[in-house]
There are 2 protein chains.
Amino acid sequence: MAEKTIDRPLTEVKSQFAVPYYEISYDKFFQFGVSVDCVVFGYHENRLKILLIKRGAEPYKGMWALPGDLVYPNENIEVAAQRILRDLTGIEDLYMEQTKVYGKVDRHPAGRVITTAYYSLIDIAKHDPHASAWAEGVYWLDLAEMPKLAFDHSEILKDALVVLQQRVRHQPVGFELLPEKFALADLQALYEALLNETYDKANFRKRILSMNLLISLKENQKDVPHRPARLYKFDKQRYDELISKGFSFEL
Amino acid sequence: MAEKTIDRPLTEVKSQFAVPYYEISYDKFFQFGVSVDCVVFGYHENRLKILLIKRGAEPYKGMWALPGDLVYPNENIEVAAQRILRDLTGIEDLYMEQTKVYGKVDRHPAGRVITTAYYSLIDIAKHDPHASAWAEGVYWLDLAEMPKLAFDHSEILKDALVVLQQRVRHQPVGFELLPEKFALADLQALYEALLNETYDKANFRKRILSMNLLISLKENQKDVPHRPARLYKFDKQRYDELISKGFSFEL
DNA sequence: ATAACTTTTGGTAAAAATGACATTAAGTAT
DNA sequence: ATACTTAATGTCATTTTTACCAAAAGTTAT
């Protein structure tokens, strides 16, 4: 195919790559710090929570912040995200996904630090966070009552929430916030909390069940003061099958 | 509200933030280079194209690559993205959006460089790229015939394409690839190229027009060997209104 | 045991959206 | 004037969505 090609002579040489890279002093460029901040969403009793730490070190000592820290120069970023979250909160092996990079020149008082935000969803009951390293405390804070956070973490959190809502609408990630076994009403309450909407109970049930992503267990709720609902579990295998066939979950 | 709070004593101090930040030698951490890579999509004659450069400097001299370069330590990343694209290709003032960060330890032979990918959509006819700085050439390459790219740029491009298709489906970004005035058939051809699908002409028309996002001009196509179609333009104001009311574009 | 109560669960009917396709309209080319 | 091409509009059957009802199944109180 003929392409539209525009090929002009070099006009000016001003980049660090204009001469062979190994002859240049990179000092001028290689002065960045890189960090990771983790936005961990949890869900408990119909409320969406965020995992925050109370900072035990400068800068912003004593303030609320997302769990985050600097990446080592020989460490991959995703690995760092896991390590840092584990070091500060004890939580391990989460599925984490990037949301955005934050790189304002003055966002960190100690120098030029650009940070990558990762988000994750967990069932609060399945993990037991505890403060360690320089974290003075680890808390599940209600999303509705969020204090001001250190650095630009308030902005990071706000953006991550938008990403979460996007994801939740188009992929069945919501299931990750629920216990293994759950009732349809639980799932509905979760989605209503996540997206602040309300759904008709009967129609929600039909929609979800028609996707065939749930396995009906031979087991009912216990200790409820009314008719107990049937319990279900998420059919991960069926989901992977559908995805590979180009299925797209929509709520 | 009572929160589930877990607050344990410090167990170990091992982070760089465990002592006041101004007393620490950060040298160990502040060794990163940060770069930006731009994935600029263009559209011309029913084909999706990518703006690539032929590298005129090491590393990967002579190879195809996304326009990208290192960020200055006192420069905001978005500003750098604009500058670098302008320096290398002469294209200015694009609306660019982040897609992802790439940070593998060995992704750059000159040292630890993490890069942020930005993507943008432009109407090829509206811009006239020309190689400058250390770019030896600038080319619009057809997406279907993409060569192997320098660094991890092939992966970056692949991911950006997925993001583009997502965005195009849920926001009317497609309009940015068309000239000011266009016929409905042009819009349809664009979406069909972007998403490799085909739509029924009559139904596509109804769907698009029912969104009220197009302004019908009192003007028709010229120089077509058949009945000329009515021209439309995108109603940006109406779009912003709808968005602020929580409207979501779906195709 | 029975009645009252609450929530689950299955169903139906109207309304809305979708999709396939036919028809008419409006221009160009001969 | 006629043929031809694509635009533009309309119709209709089908599917999907939505609102709502009622029976079923358990718990609790009497």
Side-chain angles (χ1 to χ4, degrees), chain A residues 45-46 168-170 172 175 178-179 181-193 195-235 242 246-251, chain B residues 45-46 169-170 172 175 178-179 181-193 195-235 242 245-251:
Chain A
E45 286 170 356
N46 285 8
V168 148
R169 226 180 269 274
H170 298 287
F175 299 98
L178 290 176
K181 303 168 181 182
F182 54 87
L184 283 169
D186 298 333
L187 185 64
Q188 181 174 350
L190 168 64
Y191 273 96
E192 291 182 343
L195 302 172
N196 336 300
E197 298 199 37
T198 60
Y199 303 101
D200 177 275
K201 208 192 309 190
N203 293 335
F204 182 86
R205 152 187 304 272
K206 269 182 294 186
R207 187 138 39 130
I208 295 291
L209 289 181
S210 72
M211 296 177 190
N212 281 105
L213 288 172
L214 296 188
I215 298 172
S216 171
L217 302 173
K218 288 172 184 47
E219 195 180 343
N220 291 345
Q221 284 178 317
K222 295 268 187 270
D223 301 318
V224 286
H226 53 73
R227 171 179 176 183
R230 172 54 48 99
L231 296 179
Y232 293 83
K233 68 174 187 179
F234 180 55
D235 189 344
L242 287 175
F247 158 85
S248 137
F249 175 93
E250 293 265 340
L251 204 83
Chain B
E45 287 171 355
N46 286 6
R169 228 179 269 273
H170 297 289
F175 298 98
L178 290 176
K181 303 167 181 181
F182 53 87
L184 283 170
D186 298 333
L187 185 63
Q188 181 175 349
L190 168 63
Y191 274 96
E192 291 182 344
L195 302 173
N196 333 303
E197 299 200 36
T198 59
Y199 303 101
D200 176 275
K201 207 194 308 190
N203 295 333
F204 182 86
R205 153 185 302 273
K206 271 182 290 189
R207 187 140 40 132
I208 295 292
L209 289 181
S210 72
M211 296 177 189
N212 280 104
L213 286 172
L214 295 188
I215 297 173
S216 170
L217 302 173
K218 286 170 185 49
E219 197 181 339
N220 291 342
Q221 284 179 316
K222 296 269 188 267
D223 302 319
V224 286
H226 54 74
R227 172 177 174 183
R230 171 54 48 97
L231 295 179
Y232 293 83
K233 66 174 188 181
F234 179 55
D235 189 345
L242 287 175
K245 283 180 193 154
F247 158 86
S248 134
F249 175 93
E250 293 263 342
L251 202 82

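Chain letters run A, B, ... following the sequence lines, proteins first and then strands; every chain starts at 1. What you are looking at is a predicted structure, and each value in this text was computed from that prediction instead of being measured.
Between the OH atom of B/Y199 and the P atom of D/dA8 there is a distance of 20 Å, rounded to whole Å. If you measure from atom NZ of A/K222 to atom C1' of D/dG26, you get 12 Å, rounded to the nearest angstrom. Distance CG (A/L187) to P (C/dT9): 13 Å, rounded to an integer number of Å. Atoms CD1 (B/I208) and P (C/dT18) sit 12 Å apart, rounded to a whole Å. In this structure, CD of B/E197 is placed 14 Å from C1' of C/dG19, rounded to the nearest angstrom. B/L214 has its CG atom 16 Å from the C1' atom of D/dA7, to the nearest Å. Remark: P of C/dG11 and CZ of A/R205 are 12 Å apart, rounded to the nearest angstrom. In this entry the distance linking CZ of B/F204 with C1' of C/dA17 reads 17 Å, nearest Å.
Counting only heavy atoms from C-beta on, A/P225 has its side chain closest to D/dT28 among D/dT28, C/dA29, D/dT9. Checking D/dT6, C/dC21, D/dG26 against every side-chain atom of B/D200, the shortest atom distance belongs to C/dC21. Distance from the side chain of B/A202 is smallest for C/dA22 among the nucleotides C/dA22, C/dG10, D/dT6.
Put simply, the side chain of B/E250 reaches to within 4.5 Å of the side chain of B/H170, judged on heavy atoms. Between B/F249 and B/L213 the shortest side-chain heavy-atom distance falls below 4.5 Å. Counting heavy atoms from C-beta on, the side chains of A/L251 and A/Y199 come closer than 4.5 Å.
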Between A/D235 and A/N212, is the side-chain contact (heavy atoms from CB on, under 4.5 Å) condition met? List the steps. CA-CA 8 Å; A/D235 189 344; A/N212 281 105; over 6 Å; no
Would you please test A/L209 and A/Y232 for side-chain contact (heavy atoms from CB on, under 4.5 Å) and show each step? CA-CA 10 Å; A/L209 289 181; A/Y232 293 83; 3.9 Å; yes
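One can find a donor-acceptor pair under 3.5 Å joining the base of C/dA25 and the side-chain atoms of B/R227. A donor-acceptor contact under 3.5 Å is not formed by the side chain of B/R230 with the base of D/dA7.
Put simply, OH on A/Y191 and CG on A/L178 are 8.5 Å apart, with the number rounded to the nearest 0.5 Å.
Applying the side chain to side chain contact (heavy atoms under 4.5 Å, CB included) test between B/F182 and each of B/L190, B/L217, B/L214 identifies B/L214 as the sole match.
Among the atoms of the strands shown, only primed sugar atoms or phosphate atoms (P, OP1, OP2) are found under 4.0 Å from some heavy atom of B/A185.
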Show me the protein contacts with nucleotides 11-18 of chain D, counting only N or O atoms at under 3.5 Å.
residue : atom : partner : partner atom : Å
D/dT11  : O4   : B/K206  : NZ           : 3.2

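Both B/N220 and A/V224 lie near DNA chain D, and the one whose nearest nucleotide falls closer to the 5' end is B/N220.
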